[in-house]
Amino acid sequence: GAVVSQHPSWVICKSGTSVKIECRSLDFQATTMFWYRQFPKQSLMLMATSNEGSKATYEQGVEKDKFLINHASLTLSTLTVTSAHPEDSSFYICSASVGSSGANVLTFGAGSRLTVL
Amino acid sequence: AQRVTQPEKLLSVFKGAPVELKCNYSYSGSPELFWYVQYSRQRLQLLLRHISRESIKGFTADLNKGETSFHLKKPFAQEEDSAMYYCALSGSGGNKLTFGGGTRVLVKP
């Protein structure tokens, strides 16, 4: 079946540094990927929609300069948390749509846990 | 705006007992509703979607547009059903999912 791989699965960084998280569709092409953020014991909050070959679409309240998204190929989207601060510590999850357009079925990555010291 | 509400954060039932997870939504158009499940130490995965009208692992969910609900039910819970369950909504014309707050189900032996 369709698999979405995220890397790294966890990362610890110092405040002020930038961290890049990769999301790959392993056996299918994904023109659209989604980035979610999940705080402890809370639900998933959509951050942005990553579109291959074009700019990402950010949800209201999400700083696009803070969370840089690049979707340069049909199998890879990256999320870069720039100048990370402790409040950016969270679980970041990507997903991709599988199947025909409009199928609305998402396959999720295992997530990346970011801890900013 | 679209919104999904799961009023119960935790449901604890005994093995063999029925379990029902409530989900209510708010959306002005015609939505697609989903239930996703996350087992311990595993990634989020699709359990079922309303347009499929199928039963997965003994779970069923019926979309009630009048009550704007999509409750998930299983007549006889099993210990392996212990997990986090999320109700999600997708508006027409797009894949963007809005998730509810999640319900943790604990099935006791």
Side-chain angles (χ1 to χ4, degrees), chain A residues 1-7 9-10 23-26 28-52 56-62 71 77 91-113, chain B residues 1-10 21-25 27 29-54 56 61 63 70 83-106:
Chain A
V3 177
V4 171
S5 174
Q6 272 186 252
H7 179 80
S9 55
W10 60 271
C23 178
R24 294 182 184 273
S25 56
L26 294 187
F28 66 102
Q29 294 181 332
T31 55
T32 304
M33 292 184 175
F34 302 89
W35 285 96
Y36 289 84
R37 183 174 181 175
Q38 186 177 32
F39 290 103
K41 298 187 178 182
Q42 294 190 30
S43 187
L44 286 79
M45 182 194 77
L46 180 65
M47 298 176 65
T49 302
S50 174
N51 304 298
E52 187 268 335
T57 304
Y58 290 82
E59 294 300 300
Q60 191 173 13
V62 178
H71 195 155
S77 174
F91 197 54
Y92 294 88
I93 306 170
C94 74
S95 67
S97 182
V98 182
S100 59
S101 175
N104 292 345
V105 176
L106 297 184
T107 294
F108 285 82
S112 300
R113 185 166 301 283
Chain B
Q2 50 198 58
R3 181 180 297 175
V4 179
T5 303
Q6 292 179 249
E8 304 124 337
K9 287 191 179 297
L10 173 66
L21 290 74
K22 290 185 169 50
C23 172
N24 289 90
Y25 67 90
Y27 183 66
S30 184
E32 279 196 65
L33 274 298
F34 306 81
W35 277 99
Y36 280 82
V37 59
Q38 188 169 29
Y39 300 103
S40 179
R41 300 183 186 281
Q42 295 186 29
R43 66 188 66 193
L44 202 63
Q45 57 186 282
L46 178 67
L47 180 62
L48 54 80
R49 50 196 298 213
H50 89 269
I51 63 173
S52 298
R53 301 184 68 82
E54 57 190 347
I56 303 294
L63 178 61
F70 188 55
M84 194 74 179
Y85 292 81
Y86 293 96
C87 183
L89 176 153
S90 176
S92 56
N95 292 345
K96 193 164 69 172
L97 282 181
T98 297
F99 285 87
T103 298
R104 181 168 298 281
V105 172
L106 176 62

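When reading the values below, keep in mind they use all heavy atoms of this one structure, side chains included, and skip hydrogens, waters and symmetry mates. Letters go in sequence order (proteins before strands), and every chain restarts at 1.
At least one donor-acceptor pair under 3.5 Å links the side chain of B/Tyr36 to the backbone N or O of A/Leu106.
Under the side-chain hydrogen bond (donor to acceptor under 3.5 Å, both in side chains) criterion, A/Gln6 pairs with A/Ser112, not counting sequence neighbours. Shown here are the salt bridge (Lys or Arg N to Asp or Glu O under 4.0 Å) partners of A/Arg24, two or more places apart in sequence or in another chain: A/Glu22.
A distance of 9.5 Å separates CG of B/Leu97 from CG of A/Leu44, quoted to the nearest 0.5 Å. Between B/Lys9 atom NZ and A/Ser43 atom OG the span is 9.0 Å, to the nearest 0.5 Å.
Among all heavy-atom pairs drawn from B/Arg43 and A/Val4, the shortest one is NH1-O, 2.6 Å.
Only the side chain of B/Leu46 comes within contact range of chain A, judged by heavy atoms closer than 4.5 Å. In this structure, the portions of B/Phe99 lying under 4.5 Å from any heavy atom of chain A include both its backbone and its side chain.
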